[in-house]
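This report refers to the structure that appears directly beneath it.
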Amino acid sequence: MAFIFKRTAGLTEKPTHYCPGCSHGIVHRLVAESLEELGLLGRTVGVASVGCSVFSYEYFNCDMHQAPHGRAPAVATGIKRVLPHNTVFTYQGDGDLASIGTAEIVHAAHRGEKITTIFINNANYGMTGGQMAPTTLPHQKTTTCPLGRDPESTGMPLRVSEMISTIDGAAFVERVSVDSPSAVRNAKSAILKAFRCQIEGKGFSMVEVLSSCPTNLNLKPSEAMRWVRENMVPYYPLGNFRSPKGGE
Amino acid sequence: MNRVLMKGNEAIAKAAIISGCRYFFGYPITPQNEIPEYMAREMHKVGGVFLQSESEIAAINMVYGASGSGGRVMTSSSSPGIALKQEGISYIASAELPCVIVNMMRSGPGLGGIQPSQADYFQVTRGGGNGDYRVISYAPASVQESVELVNRAFRVSEKYRIPAMIAGDGMIGQMMEPVDFSGIEELDRVERPWAATGTDSHPGRNVISTLMLEPSSLESHNVKLKAKHDLIESEEAMYETYNMDGAEVVLVAYGTTSRIVKNTISALESHGVKAGLIRPITLWPFPKQAFSKIPSGCKLVMSVEMSMGQMIDDVEIALGGRFISAFYGKAGGVVPTPSDIVDAVISNLEVI
């Protein structure tokens, strides 16, 4: 009997701690499947960042290195320079990447560092209890903008993929979502392309994944997915912002 | 002996490369820029990597990643830059990774000035980042000793899996002296079965992490680090004593200041004061053993520092109240002169 769906070897057997309906489970699976399909698991080092996904070092079935808040791209740079023939990826949330770690991600892209970043954008700080992130939408309520985010005093949400795609060293930048089965398939395709970009030595690659956080949005899982589709996607348009010349 | 005239910073960089350092990540700051500049010129010639990071914070995190991947790695900076690196140093210490960090101290606090100072004593001996950890700190007093201590720092750092710091100052970094590299050797490759290099290269899965949310497991980790610190305290403390027989005044000084104090000892002799010197070579572990050598007739132990009084705390702990202690210091990048120190000793003796 042929298997049409089975557990990926890219994940350990440890049950994840993520909340029901959280997108981390989906994205972990996509990253793990991609590494497995590309035959990279045995020579990959992943970098876990600070936030809900800090424990990703227990879930990805490859060597892992946990980084200080925001510094994953710098840690990944050190790893990649010692192990240039390995695959190195960072897995970072929006508080980590778009706030405290903006310098590190901008300069990793700027150097054309041959690493892959999986950037989870769920419009809030999940682990610390749902505070405002740079990616929080205008008028979205969080625990540190209880009246709704006021762009007059806190700025408009940061569009990271657009920003990174202006940097010459960024070879591949794509924004995807995981709010529907077809969106998940597109996300997988982008993640595969990003890793291929690294293997081929083209430069820095990043996939931004619009994600749901039912716990902090105070919505049911299905409603949180709809919230992503109806509120995040209009402000954060999906699509490819940058690809290496001459194909993927 | 084949000696060459070299600037302290460049000699340190050369000694690191001879020792087998193949990865350097750093960010420019005065007065240590000759180290990254030397690395930029020379590292590629031995197949190594020099990378100028976007900040001191990124540099130390590149060191963290590179060390966790098994690389022999160094960074260098100066006081405010070392302050920025403290978060990463805390992580490296917790993850028990080896690396060498050079701090060519300048005057502070804040942006301060670029002249030599020893005002980072607390920063280099008390951690500086969060949590219970230590780094081994070596305080060279000459260019020759700097290169020897760089070689030793890599060896000891790898032996104990702990960050090692060269705590120099702007004077050590900037001055030129004859230096002999014949005793500096490439270190043997210490096996790193813990390194995260990809599961193809070792059994099981290697994870470098400093997160221990379960209090009892974190406490166990702290207890394990403490045992390592205790071992280092008993095995690795280094010091020099000078002219201690029958000394009625013992001066305690390290690095640049210790050289000035040595010149003070003969001047004190002409004032009828017999003085000796204890020179800590490791600042942590602090060489408490040296203080048992103080003659029983000693009237005064004086800590001489280019700070407003930081090592004096360790001196007084080591003395345990057995002798009268005093402090003399200059700050802001002002270097004490022998006559300053003679005056301080004599005025202290007058009030005892």
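Every chain is numbered from 1 and lettered A, B, ... according to where its sequence line falls, protein lines coming before strand lines.
Taking chain A as the reference chain and counting heavy-atom pairs below 4.5 Å, the highest number among V63(B), L213(B), T210(B), I208(B) is found for I208(B). Ranked by heavy-atom pairs shorter than 4.5 Å toward chain B, the options R43(A), E104(A), H110(A) are led by E104(A).
Below 4.5 Å, heavy atoms of chain B meet heavy atoms from L83(A), N86(A), all part of residues 83-98 of chain A.
A salt bridge between E208(A) and R175(A) is present, with a side-chain N of the basic residue lying under 4.0 Å from a carboxylate O of the acidic one. Between K14(A) and E58(A), at least one side-chain N (NZ, or NE/NH1/NH2) sits under 4.0 Å from a carboxylate O, which counts as a salt bridge. Salt bridge status for E158(B) with R189(B): absent, with no side-chain N to carboxylate O gap under 4.0 Å. Note on R111(A) versus D168(A): no salt bridge recorded, every NZ/NE/NH1/NH2 to OD/OE distance being 4.0 Å or above.
If you measure heavy-atom distances from V207(B) to chain A, the contacts under 4.5 Å come from both the backbone and the side chain. With a 4.5 Å cut-off on non-hydrogen atoms, Y64(B) touches chain A through its backbone and its side chain both. Using a 4.5 Å cut-off between heavy atoms, A95(B) makes no contact with chain A at all. Contact annotation for V54(A): only side-chain heavy atoms (C-beta onward) come within less than 4.5 Å of a heavy atom of chain B. Neither the backbone nor the side chain of L40(A) comes within contact range of chain B; no heavy atoms are under 4.5 Å apart.
With hydrogens and angles left out, the side-chain atoms of E33(A) and T8(A) include no donor and acceptor closer than 3.5 Å. Side-chain polar atoms of Y18(A) and H28(A) form a donor-acceptor pair below 3.5 angstrom. Side chains of S55(B) and Y27(B): a donor-acceptor N/O pair is absent below 3.5 angstrom, by distance only.
Figure legend: cation-pi geometry between K14(B) and F181(B), with NZ or CZ positioned under 6.0 Å from the six-membered ring centre and within 45° of its axis.
Atom CD1 of I12(B) and atom CE of M39(B) lie 9.5 Å apart (nearest 0.5 Å).
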